[in-house]
Amino acid sequence: MKQDGSQIGERFRPSFIDLFCGAGLLSHAFKSVGFRPALAIDLDKKAIQSYRNNVAKCAEVADVRTVRTDVLAEVVVAGPPCQGFSTLGRRDPQDLRNQLGLSVLEWTSALNPKIVVIENVPGFTNSHWFDQISQGLRSQGYETQVFILDAIKYGAAQKRGRAFTIGSRVGRVSMPTPRKSRPRTFRDVVLNRPINVDDPMHVWPIPSALAMERFQAIPERGGKRDLIINRPDLCPQSWQGLIGEATDVWGRIDADQPANTVRCSFINPSKGRYIHPFENRVLSLREGARLQGIPDTWVLVGEPTPVARQIGNGVPIALGRAIAKVIMKAILQKDESVSEANYSAAA
């Protein structure tokens with residue numbers, strides 16, 4: 001008898017565990033295509049509370065180096081710290097956080113999931129940590145693949161390259177198909193959708209008198225270069241001679257382009273092109289959240305700085321959904337009773 005979409009959805013809800021889960025952006029993406037969160041782990045107490053409030057109650061404050069064997073899952077996803085590999089960070093090969101990704105191998109060895117997905121910055125794939133993890137997965141019987149994807153090609157209004165290392169026991173996973181439509185812009189996701197004035201996350205740091213003068217002197221699409229040339233009196237001595245460098249810091253976002261990568265420090269104008277296109281302020285927490293695809297119904301827990309970190313540490317939800325869909329498809333296609341039509345109904 002032919003099954004309807006609701007029956008398929010009930011029957012095929014593979015579970016997943018999310019390591020280094022943060023506030024749950026990647027978990028939300030997997031949940032939205034039909035996966036069931038079984039466990040989520042992070043050391044950040046505020047991020048875990050955000051996860052529990054907005055994604056599922058299965059999140060716990062815990063160390064990923066302690067493997068749990070009381071929870072089973074078809075999929076393990078993990079986003080280990082990227083600071084040691086990011087081009088925006090120090091890229092310190094001795095950064096102790098780099099080795100945390102090796103914990104994933106202990107989880108896969110203990111739980112034997114069908115698929116494991118490790119998300120990080122593209123630079124991660126050039127590290128010896130990546131080599132160790134890939135070799136470890138292959139020694140456990142996983143076929144490995146690497147997808148390096150730009151979020152703007154999958155529906156995010158943000159330029160953000162991410163690497164997804166996939167280990168599979170169910171055959172090769174298809175590359176996510178990019179959208180054919182034009183990239184989404186800041187105007188699409190922020191300016192064209194008014195934000196509720198009572199939204200508790202539509203807040204930003206109050207600028208100092210000097211910062212306000214700088215904001216007022218930066219033209220549309222302008223930045224630090226304009227300040228150095230037109231208002232040197234507002235610039236410290238250290239900026240002199242740097243006209244051709246760091247052009248994105250103290251920069252206004254171009255409303256009709258995708259934003260630059262939303263970093264954890266996006267509420268600080270000295271960290272990138274994070275000044276509102278027209279207003280004299282940096283982005284609000286809600287605006288940064290929208291660039292990551294976070295629903296307006298979410299309210300993240302904490303003061304502005306930790307909330308900005310929760311936002312910037314996540315995977316853009318549109319990109320996460322693209323990965324989750326091809327993972328779901330690989331799992332369902334392994335079951336010969338699931339037709340392509342039924343897969344569509346489930347996902």
Side-chain angles (χ1 to χ4, degrees), residues 23 44 46 82-83 86-92 157-160 185-187 189-292 294 299-314:
D44 187 329
K46 291 183 171 62
C82 67
Q83 288 86 349
S86 174
T87 58
L88 297 174
R90 294 174 59 190
R91 285 182 283 181
D92 180 2
Q158 176 191 169
K159 304 169 188 174
R160 193 185 190 104
T185 68
F186 184 89
R187 187 181 302 277
V189 302
V190 176
L191 300 181
N192 288 348
R193 294 168 49 204
I195 297 174
N196 191 319
V197 294
D198 297 322
D199 187 328
M201 285 180 49
H202 191 41
V203 294
W204 53 88
I206 298 174
S208 66
L210 174 59
M212 179 57 73
E213 280 196 87
R214 288 176 177 171
F215 290 158
Q216 293 170 342
I218 297 172
E220 187 174 330
R221 302 184 181 88
K224 182 177 180 180
R225 179 188 288 115
D226 298 283
L227 289 175
I228 295 173
I229 294 174
N230 300 325
R231 289 298 307 272
D233 57 305
L234 299 178
C235 305
Q237 187 64 35
S238 60
W239 286 15
Q240 303 306 316
L242 299 178
I243 292 179
E245 299 181 22
T247 56
D248 275 336
V249 302
W250 283 92
R252 287 196 184 275
I253 292 173
D254 185 336
D256 296 308
Q257 296 293 328
N260 287 359
T261 299
V262 175
R263 299 173 62 188
C264 298
S265 52
F266 71 86
I267 56 175
N268 184 339
S270 69
K271 299 297 184 179
R273 190 169 290 274
Y274 299 131
I275 301 175
H276 191 278
F278 313 116
E279 298 180 21
N280 293 320
R281 60 173 178 83
V282 294
L283 295 180
S284 73
L285 294 173
R286 177 61 67 200
E287 289 164 342
R290 281 191 176 183
L291 292 172
Q292 286 281 64
I294 296 173
V299 176
L300 303 181
V301 175
E303 297 299 317
T305 295
V307 167
R309 187 180 306 116
Q310 291 173 45
I311 293 169
N313 268 337

### Query
Can you tell if the side chain of K271 reaches within under 4.5 Å of the side chain of F266, non-hydrogen atoms only?
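Side-chain contact under 4.5 Å: no.
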
### Query
Can you tell if the side chain of R193 reaches within under 4.5 Å of the side chain of R290, non-hydrogen atoms only?
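Side chain of R193 against side chain of R290, heavy atoms only: contact under 4.5 Å found.
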
Rounded to the nearest 0.5 Å, what separates atom [atom1] in [X] from atom [atom2] in [Y]?
X    : Y    : atom1 : atom2 : answer
R214 : K224 : CZ    : NZ    : 9.0 Å
L227 : R225 : CG    : CZ    : 11.5 Å
L291 : T185 : CG    : OG1   : 10.0 Å
L285 : I267 : CG    : CD1   : 5.5 Å
M201 : I195 : CE    : CD1   : 9.5 Å
L234 : D226 : CG    : CG    : 12.0 Å

If I compare all heavy atoms of [X] with all of [Y], which pair ends up nearest, and what's the gap?
X    : Y    : result
S270 : V249 : O-CG1, 3.4 Å
L300 : A23  : CD2-CB, 4.3 Å
V282 : P269 : CG1-CD, 3.5 Å
D248 : N260 : OD2-ND2, 3.1 Å

### Query
Run the side-chain contact (heavy atoms from CB on, under 4.5 Å) check on N196 and H202 step by step: do they pass?
CA-CA 8 Å; N196 191 319; H202 191 41; over 6 Å; no

### Message
Can a side-chain donor-acceptor contact be found between R252 and N280 if the only test is distance below 3.5 angstrom?
### Response
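Checked: N280/R252 side chains pair up, N/O donor to acceptor below 3.5 Å.
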
### Task
Could you walk me through whether L283 and I253 pass the side-chain contact (heavy atoms from CB on, under 4.5 Å) test, one step at a time?
CA-CA 9 Å; L283 295 180; I253 292 173; 3.6 Å; yes

### Task
Answer yes or no: are there more than 12 heavy-atom neighbours, outside I206 itself, under 6.0 Å from its atom CD1?
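Atom CD1 in I206 is not packed in, count stays at 12 or less.
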
Given 3.5 Å as the limit, does a donor-acceptor pair link the side chain of [X] with the main chain of [Y], or not?
X    : Y    : answer
R160 : A259 : no
Q158 : V262 : yes
Q310 : D44  : no

### Message
Would you say the rings of Y274 and W250 are close, in the sense that their centroids are separated by under 6.0 Å?
### Response
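That pair fails the under 6.0 Å test.
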
### From E287, H276, R281, R286, residue fulfilling side chain to side chain contact (heavy atoms under 4.5 Å, CB included) relative to W204
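The single option meeting the side chain to side chain contact (heavy atoms under 4.5 Å, CB included) with W204 is R281.
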
### Query
Would D233 and R231 pass as an ion pair if we require N to O under 4.0 Å?
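Salt bridge present between D233 and R231.
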
### Task
Could you please spell out the steps behind the side-chain contact (heavy atoms from CB on, under 4.5 Å) verdict for F186 and Q257?
CA-CA 6 Å; F186 184 89; Q257 296 293 328; over 6 Å; no

